[in-house]
Amino acid sequence: MFDALRRWRAHRVLKAQAIPDPLWREAWDGLPFLAMYTDEERTRLREQVVLFLDAKSIVGANGHEVTPVQRVVIALQACVLILNLDFALYDGWENVVVYPGEFVPRWEWEDDAGVVHRNSDPMAGEAMEGGPVVLSWADIEASRDYRESGMNLALHEFAHKIDMGNGEANGRPPLPAAMSPDLWAQTLTAAFVDFSGRVDRSEFTAIDAYAAESPGEFFAVLSEVFFAAPALLLEEYPAVYRQFAHFYRQDPAARIAGAATLTRLALD
Ligand SMILES: [Zn+2]
């Protein structure tokens, strides 16, 4: 009964809040990595974007006015991560807050001596546990093409949200029953130790060195790479690629010319 109700409601939302073609095309064309998706996936993504925009509020801060195309650009990147997963991974929070540029978060913390510190570092994005996703529009714009920027802010912050589905963002998202938590932890930890070592030794890394900050950042940064530059992740950390392919239920590298053989090997 509940499922039937949910389907009926989704059907009504999809009909009433459909995205006009020109708006959809403009948002889609601004995100080059989406070219890998088939027409069928494109249709499903479009439906998920409508449902996402119905379920979440995307609001401007510091005088920023969120335009219709910005709403779709943000929702699209959130939905890429859950294309083949349960929408419930995004339950438990409501808002996406968009600043025009970098922002200084207002959180404070108390150290062991009881001294209260206030954060003063500007940030491009933040995902808060049980709270909003906060994004700088300038940084979403600057990172929409991974080939130029080597990062993708929106994918990064929504990956943190998925990771937080079972508590803090620690690189251990809620895995489906068919996946082994031990294998996930071993694979991700081994890669994190290797990557952190390379960063500590000041070696060049094609993957953003920020991934060495913590296991939570490692998961978020590698999720960006998995979707926006899949062949790179497959080459650098094939075992992580394999775990991500099972987790996200997508195999983006298989879509990239030349990487098809590699990915077949990696997924065996
Ligand atoms: Zn992060």
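Basis for what follows: all heavy atoms, side chains included, without hydrogens, waters or symmetry-related copies. Being a predicted model, the structure only gives us computed values, none of them experimental.
By the rule that hydrophobic residues join a cluster once side-chain heavy atoms approach within less than 4.5 Å of another member, L51 and V49 end up as members of one cluster. F218 and L183 are members of different hydrophobic clusters when ILVMFWY side chains are connected at heavy-atom separations under 4.5 Å. Tracing side-chain contacts under 4.5 Å through hydrophobic residues (I, L, V, M, F, W, Y), one reaches L222 starting from L175; they form part of the same cluster. Residues F219 and M179 share a hydrophobic cluster, clusters being chains of Ile/Leu/Val/Met/Phe/Trp/Tyr side chains in contact below 4.5 Å. Taking hydrophobic clusters as Ile, Leu, Val, Met, Phe, Trp and Tyr residues chained together by side-chain heavy-atom distances below 4.5 Å, Y99 does not share a cluster with V104.
Residues V134 and F103 form a side-chain contact, since some pair of their non-hydrogen atoms from C-beta on lies under 4.5 Å apart. A 4.5 Å side-chain heavy-atom check between P215 and N170 finds every atom pair outside the cut-off. Looking only at side-chain heavy atoms (C-beta outward), Y90 and L81 come within less than 4.5 Å of each other. Here the side chains of Y37 and V80 are in contact, with some heavy-atom distance below 4.5 Å. Side-chain atoms of F226 and F247, non-hydrogen and from C-beta on, never get closer than 4.5 Å to each other. When side chains are defined from C-beta on, Q77 counts as touching I140, because their heavy atoms get closer than 4.5 Å. Between F195 and V221 the shortest side-chain heavy-atom distance does not fall below 4.5 Å. Proximity of I82 to F158: side-chain heavy atoms (C-beta onward) are nowhere separated by under 4.5 Å.
Formation of a donor-acceptor pair under 3.5 Å by the Q243 side chain with backbone atoms of A239 is not found in this model. Side-chain N or O atoms of E157 include one that pairs as donor or acceptor with a backbone N or O of A127 at under 3.5 Å. S57 places no side-chain N or O within donor-acceptor distance of the main-chain N or O of V59, the cut-off being under 3.5 Å. Using modelled atom types, one side-chain atom of Q48 and one backbone atom of L83 make a donor-acceptor pair closer than 3.5 Å. At distances below 3.5 Å, at least one donor-acceptor pair connects side-chain atoms of E224 with backbone N or O atoms of N152. Proximity of a side-chain donor or acceptor of N95 to a complementary backbone N or O of V97 within less than 3.5 Å is not detected. A donor-acceptor pair under 3.5 Å is absent between the side-chain atoms of D145 and the main chain of L31, judged by distance alone. Looking only at distances, no side-chain donor or acceptor of K161 sits under 3.5 Å from a matching main-chain atom of L89. The main-chain N or O of G30 is found under 3.5 Å from a side-chain atom of R144 such that the two form a donor-acceptor pair.
With rounding to the nearest 0.5 angstrom, the OG1 atom of T205 is 7.5 Å from the CD atom of E236. Note: I207 CD1 to M151 CE = 14.0 Å, rounded to the nearest 0.5 Å. Distance check: M128 CE to H160 NE2 gives 13.0 Å after rounding to the nearest 0.5 Å. In this structure, the separation between CG on D251 and CZ on R242 is 11.5 Å, given to the nearest 0.5 Å. Atom CG in L45 sits 9.5 Å away from atom CD in E40 (nearest 0.5 Å). Atom-to-atom distance recorded for H64:NE2 and S136:OG is 8.5 Å, nearest 0.5 angstrom.
W184 approaches P173 most closely through the heavy-atom pair CZ2-CD, 3.6 Å. Of all heavy-atom pairs spanning G171 and D163, the tightest one is N-OD2, 2.6 Å. The two residues W28 and L34 make their nearest non-hydrogen contact at CZ2-O, 3.4 Å. Heavy-atom minimum distance, A185 versus T189: O-OG1, 2.6 Å. For the pair S223 and A159, the tightest heavy-atom approach, listed with the atom from each and the gap, is CB-CB, 3.8 Å. The two residues A61 and P100 make their nearest non-hydrogen contact at O-CD, 3.3 Å.
Note: F87 and F52 have perpendicular aromatic rings, judged against thresholds of 30 and 60 degrees for the angle between ring planes.
For the pairing with N84, the side chain to side chain donor-acceptor pair (under 3.5 Å) check across Q250, E41, R44, R249 returns one residue only, R44. When each of L232, T187, V225, L234 is paired with Y241, the side chain to side chain contact (heavy atoms under 4.5 Å, CB included) condition holds for L234 and for no other.
The aromatic ring centroids of F33 and Y146 lie 6.0 Å or more from each other.
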Would you list the atom pairs, donor with acceptor, under 3.5 Å between side chains in residues 8-23 and any protein atom, with sequence neighbours excluded?
from : atom 1 : to  : atom 2 : distance (Å)
R9   : NH1    : D54 : OD2    : 3.2
Q17  : NE2    : D54 : OD1    : 3.2
D21  : OD1    : R46 : NH1    : 3.2
D21  : OD1    : R46 : NH2    : 2.7

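For the residue pair H156 and E217, a side-chain donor N or O sits within less than 3.5 Å of a side-chain acceptor on the partner.
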Report the C-alpha distance between V73 and W137 in whole Å, list the side-chain angles of each, state the deciding distance to 0.1 Å, and finish with yes or no for side chain to side chain contact (heavy atoms under 4.5 Å, CB included). CA-CA 10 Å; V73 164; W137 178 255; 3.9 Å; yes

Would you check, one step at a time, whether the test ring-ring contact (aromatic ring centres under 6.0 Å, His included) holds for F244 with F227? CA-CA 10 Å; F244 278 23; F227 289 100; 8.5 Å; no

Walk me through it: do W24 and R42 pass the test side chain to side chain contact (heavy atoms under 4.5 Å, CB included)? CA-CA 11 Å; W24 175 253; R42 198 178 157 114; 4.2 Å; yes

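In the displayed structure, D91 atom CG is contacted under 6.0 Å by more than 12 heavy atoms of other residues, nucleotides or ligands.
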